[in-house]
Amino acid sequence: MLILGLLSLGLIYADSQSTRLATESRWVASYILSPMHWLAGQPGNAWRGLTTYFTSRSTLLEENERLHNEARILQGKVQKLVSLTAENVRLRELLSSSTILEDSVLVAELLSVSPDPMNHQVIINRGSDEGVYIGQPVIDAYGLVGQVVEVNPTTARTILVTDSRHAIPVQVNRNGVRAIAEGSGKIDTLLLPNVVATTDIKAGDLLVSSGLGQRFPAGYPVGVVESVIHDPGQPFLNVVVRPSAQLNRSRYLLLVFTGGLPQ
């Protein structure tokens, strides 16, 4: 019996040792093989990382382009809004100026401008069907623009006061001194020829239509004297005038009917 007990203990010890060795072997194998498994997996991890990077970059680039396009669209809408706001301001100024006139007026819109820089003429969208006539004064919210020189049923041609072929009788608003304002061929300049050296006129004086010649009603602003130069050797002053009307900006004009609107 003793011998059998010892044999049993020996078998149990051997079995425990065998289990311990197996466990240690598996631990050693795992310890040794883990770095190898990690290394073996790195190419796949690197590829997945690169794929994710390029996918994210492509997505970001597409998103960036989309946002830029939206920004361009919004910028265009903002510019249009600014343009409409400015146009509304000009219309309000035009309508405000018409309320203080004793003469009847008809609003006209600019259709085209002569491409010749020396030919200061414009086409408006009113014609004989609405009573427009040759010689009719045309103004904007700030002053005298010109006069109608050609009429069609639905359009009319207007010559501007700055055209070199145009002249208008004016007077200095401050003291009533009379003169003739002629177009210079430059959109921002009028000239006063044959003003004698002793004339009381100076920079800053407002010139208005005098009403002489019965073509333009009296009292409409024509321009502001910009400079007065006296050459001692010359009998006349060199007077330069800046037009009151915004000749290169106004889109809406007023046709003046001194006897009231035609029926």
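In what follows, every heavy atom counts, from backbone to side chain, and hydrogens, waters and symmetry copies are set aside.
- The shortest side-chain heavy-atom distance between L111 and I124 does not fall under the 4.5 Å cut-off.
- Using a 4.5 Å cut-off on side-chain heavy atoms (C-beta onward), L207 and L192 make contact.
- Between K186 and D188 there is no salt bridge, since no side-chain nitrogen of the basic residue lies less than 4.0 Å from a carboxylate oxygen of the acidic one.
- At a threshold of 4.5 Å between non-hydrogen side-chain atoms, the residues V148 and Y133 do not count as touching.
- Taking both residues in full, the closest heavy atoms of A156 and V132 are given as CB-CG1, 4.0 Å, listed atom of the first, atom of the second, then distance.
- Contact record, G146 with F216: O-CE2, 3.5 Å, taken as the closest heavy-atom pair.
- Using a 4.5 Å heavy-atom threshold, the side chains of S244 and L206 count as touching.
- In this structure, CG in N175 is found 4.5 Å from CG in D200, a value given to the nearest 0.5 Å.
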Worked verdict on D231 versus I229 for side-chain contact (heavy atoms from CB on, under 4.5 Å):
CA-CA 6 Å; D231 186 343; I229 300 175; 5.6 Å; no
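- Considering only heavy atoms from C-beta on, P137 comes within 4.5 Å of P217 through its side chain.
- Atom OH of Y220 is separated from atom CG of L144 by 8.5 Å, given to the nearest 0.5 angstrom.
- Between atom CD1 of residue I159 and atom CG of residue N119 there is a gap of 7.5 Å, rounded to the nearest 0.5 Å.
- Looking at V170 and S210, their side chains never come closer than 4.5 Å, going by heavy atoms from C-beta outward.
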Test side-chain contact (heavy atoms from CB on, under 4.5 Å) applied to H166 and I168, step by step
CA-CA 7 Å; H166 191 275; I168 175 175; 4.1 Å; yes
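- Counting only heavy atoms from C-beta outward, the side chains of V107 and L254 approach each other to under 4.5 Å.
- Remark: R178 CZ to T199 OG1 distance equals 11.5 Å, nearest 0.5 Å.
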So H120 and R165, side-chain contact (heavy atoms from CB on, under 4.5 Å) or not? Walk me through it.
CA-CA 9 Å; H120 296 187; R165 295 163 294 179; over 6 Å; no
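- Using a 4.0 Å cut-off between charged nitrogen and carboxylate oxygen, D140 and R249 do not count as a salt-bridge pair.
- From Q121, atom CD reaches atom CG of D163 across 6.0 Å, with rounding to the nearest 0.5 Å.
- Interatomic distance, E109 CD to R126 CZ, rounded to the nearest 0.5 Å: 9.0 Å.
- Residues E226 and A203 approach most closely at O-CB, 3.8 Å, considering heavy atoms.
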side-chain contact (heavy atoms from CB on, under 4.5 Å) evaluation trace for S227 with V240
CA-CA 5 Å; S227 66; V240 176; 3.5 Å; yes
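- Residues F236 make up the rest of the hydrophobic cluster containing V196, defined by ILVMFWY side-chain heavy atoms closer than 4.5 Å, directly or through other members.
- V239 pairs with exactly one of V225, D205, L190 by the side-chain contact (heavy atoms from CB on, under 4.5 Å) rule, that one being V225.
- Taking the side chain as every heavy atom from C-beta outward, L247 and V145 approach each other to under 4.5 Å.
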